[in-house]
Amino acid sequence: MDEFRALMDRFWVTRAEDKELYFLLKRTLPDYRRFIQEQLGWNLIVNEAVIKLEKIPPMAMPWMGIQSFQEPMDYCLLCALLLFLADLDDGAPFLLSSLTRAVETFLAETMPVDWTQFLHRKSLVRVLQYAQSIGLVLVYDGNSAGFGSNQDQEVLYENTGLSRHFSVHFGRDIMECRSVEDFEAFSWEGEETEVRRHRVYQQLALAPGLYCSEENRGDYEYIKNQRRAIGASLDKALDGELQVHKNGAFFLLSEGNRCGMTYPGTRALSDAALLLCAQLREEILQGRYSRQEDDTVVLTNREFRYEVERCRARCGNGWGSQMRGMSLDRVIQELTDYMAQWMLLEKLEGGILLDPAVGKLVGCYPASFHNELSEGEEDEPLEDE
């Protein structure tokens, strides 16, 4: 179902930006609306300007944030921008200077901003560039990036009117929510069978998988009992295969399909993670590291460092120039963060917990690879940075 994958792949589809896809989605609405409502339990916004699928996860994960944002201030400034745009008419022009004055007022009591500080200006630049990329604002004259080096930089924008559709509609009062966990609790409210169905489909559609734990054992048993129906529904919508194991369930897209952020990807970091997982799997099968009852494995930081160092010595010349130029400590940090995002490991105090998917998602170089660099070698396009 290409139309549903398009909704999953994008924040929204606007009539102004992609008229052909917008009208295709409207025509095929009956093909996927029932799946969204009954299996996923998500809200679908359809109006004359935009079609948006509100993809609310049952559990927040680090990679689900806005990838270009770097600091909490970025999100605060985005909220201030949305408040500012809400007071403007559709198509109304505004200057960057008027926005910065309004932002100062909106955030005075929560997170005061000082435009003489470079980091505060760069934070606003990231927000404005993100707003431009998804169509919240249009730029008529000037360049948002210039504000980072000059606080007197002036830019002329236009409000597209899409800001009113940006925020998620939870359908309930959220004024008492004070943490991410408060919002996650919504996925446990309601009729038990229905909320469990929604939670399971949401997790399998958005995340790399669902591990069995004491907290979600009921969800895992639901998947085991309904695996054929769940697998068929997800396959029809996303084109892939549901695989259920004794410690978790994973929905893997068919070869050649891409939807949103995927693993493995095209970056050299993804190659390195696959190679490291294959090496760890081999060591675990040989008994070097013992598995716990839930098939997780705990390594000390020293053991994990040793494995990364050994993997780099064996295969590092195939990782591309960027990773080859990193120190070992930087490689370990990059791999740890990346693998944690994809539910391959968890950081512990003084160690690393390897999740079961480490033994499932593995890779290797061709037998002809000798880990050698020849003079004048050009890197293959493995990295997307």
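Hydrogens, waters and symmetry mates play no part in the numbers below; they use all other heavy atoms, side chains included.
Taken together through direct or relayed side-chain contacts under 4.5 Å among Ile, Leu, Val, Met, Phe, Trp and Tyr, F23 and L7 form part of one hydrophobic cluster. Residues L88 and L99 are members of one and the same hydrophobic cluster, defined by side-chain heavy-atom contacts under 4.5 angstrom among Ile, Leu, Val, Met, Phe, Trp and Tyr. A chain of hydrophobic side-chain contacts below 4.5 Å, direct or via other Ile, Leu, Val, Met, Phe, Trp or Tyr residues, connects V297 to M339.
Between K360 and H245, the closest side-chain pair of non-hydrogen atoms falls below 4.5 Å. L25 has its side chain within reach of I51: a pair of non-hydrogen atoms, C-beta onward, lies under 4.5 Å apart. In this structure, the side chains of L328 and V308 come closer than 4.5 Å at one or more pairs of heavy atoms. Looking only at side-chain heavy atoms (C-beta outward), R281 and V358 stay at 4.5 Å or farther from each other. Taking the side chain as every heavy atom from C-beta outward, E154 and L95 approach each other to under 4.5 Å. When side chains are defined from C-beta on, L77 counts as touching L107, because their heavy atoms get closer than 4.5 Å.
Using modelled atom types, one side-chain atom of W12 and one backbone atom of I134 make a donor-acceptor pair closer than 3.5 Å. Side-chain atoms of R227 never come within 3.5 Å of backbone atoms of L242 as a donor-acceptor pair (strictly under, hydrogens ignored). Using a distance-only test at 3.5 Å, with no hydrogens or angles considered, a donor-acceptor pair links the side chain of D18 to the main chain of L21. Of the possible polar contacts, one joining the S187 side chain to the E184 backbone as a donor-acceptor pair under 3.5 Å is found. With hydrogens and angles ignored, the 3.5 Å screen pairs no side-chain donor or acceptor of N150 with any backbone N or O of F147. When atom types are taken as modelled, the side chain of E104 and the backbone of P112 share no donor-acceptor pair closer than 3.5 angstrom. S133 places a side-chain N or O within 3.5 Å of a backbone atom of Y130 that can act as its donor or acceptor partner. Counting only distance, with no hydrogens or angles, the side chain of W319 and the backbone of L269 share no donor-acceptor pair below 3.5 Å. Between the side chain of E3 and the main chain of L24, no donor-acceptor pair closer than 3.5 Å is present. Looking only at distances, no side-chain donor or acceptor of N216 sits under 3.5 Å from a matching main-chain atom of D219.
By the 6.0 Å contact criterion, CD on E20 is open, its count of non-hydrogen atoms from other residues, nucleotides or ligands being 12 or less. Heavy-atom contacts from other residues, nucleotides or ligands closer than 6.0 Å to CD of E158 number more than 12. Within 6.0 Å of CD in E191 there are more than 12 heavy atoms belonging to other residues, nucleotides or ligands. Counting heavy atoms of neighbouring residues, nucleotides and ligands inside a 6.0 Å radius, atom NZ of K224 does not exceed 12 of them. More than 12 heavy-atom neighbours from other residues, nucleotides or ligands sit within 6.0 angstrom of CD on E181.
The residues E334 and R330 are annotated as salt-bridged, a charged nitrogen and a carboxylate oxygen being separated by less than 4.0 angstrom. Remark: E307 engages R288 in a salt bridge, criterion side-chain N to carboxylate O under 4.0 Å. A salt bridge does not link E309 with R312: none of the charged nitrogens is closer than 4.0 Å to a carboxylate oxygen.
To the nearest 0.5 Å, the span separating OG on S97 from CD on Q151 amounts to 12.0 Å. Rounding to the nearest 0.5 Å gives a distance of 10.0 Å between SG of C315 and CG of D271. Rounding to the nearest 0.5 Å gives a distance of 12.0 Å between CD of E283 and CG of L354. In this structure, the separation between CD on E48 and NZ on K26 is 4.5 Å, given to the nearest 0.5 Å. A distance of 6.0 Å separates OG in S321 from CZ in R324, rounded to the nearest 0.5 Å. Here the CG-CG distance, from L353 to L299, works out to 9.0 Å after rounding to the nearest 0.5 Å.
Smallest separation of non-hydrogen atoms from G135 and L162: O-CD1, 3.4 Å. A237 and F35 make their closest contact through CB-CE2, 3.6 Å (heavy atoms, listed as atom of the first residue, atom of the second, distance).
Between the side chains of H169 and E54, at least one donor N or O lies within less than 3.5 Å of an accepting N or O. Side-chain contact check for N247 and D295: at least one donor-acceptor pair (N or O, by modelled atom type) lies under 3.5 Å.
Separation of the F11 and F166 ring centroids falls under the 6.0 Å cut-off. Note: Y140 and Y157 fail the aromatic proximity criterion, with ring centroids not under 6.0 Å apart. The distance between the ring centers of Y211 and F250 falls below 6.0 angstrom.
The side-chain tip of R172 points at the ring of F186 from less than 6.0 angstrom away and within 45° of straight on. Cation-pi geometry between R199 and W188 is met: under 6.0 angstrom from the ring centre, within 45 degrees of the axis.
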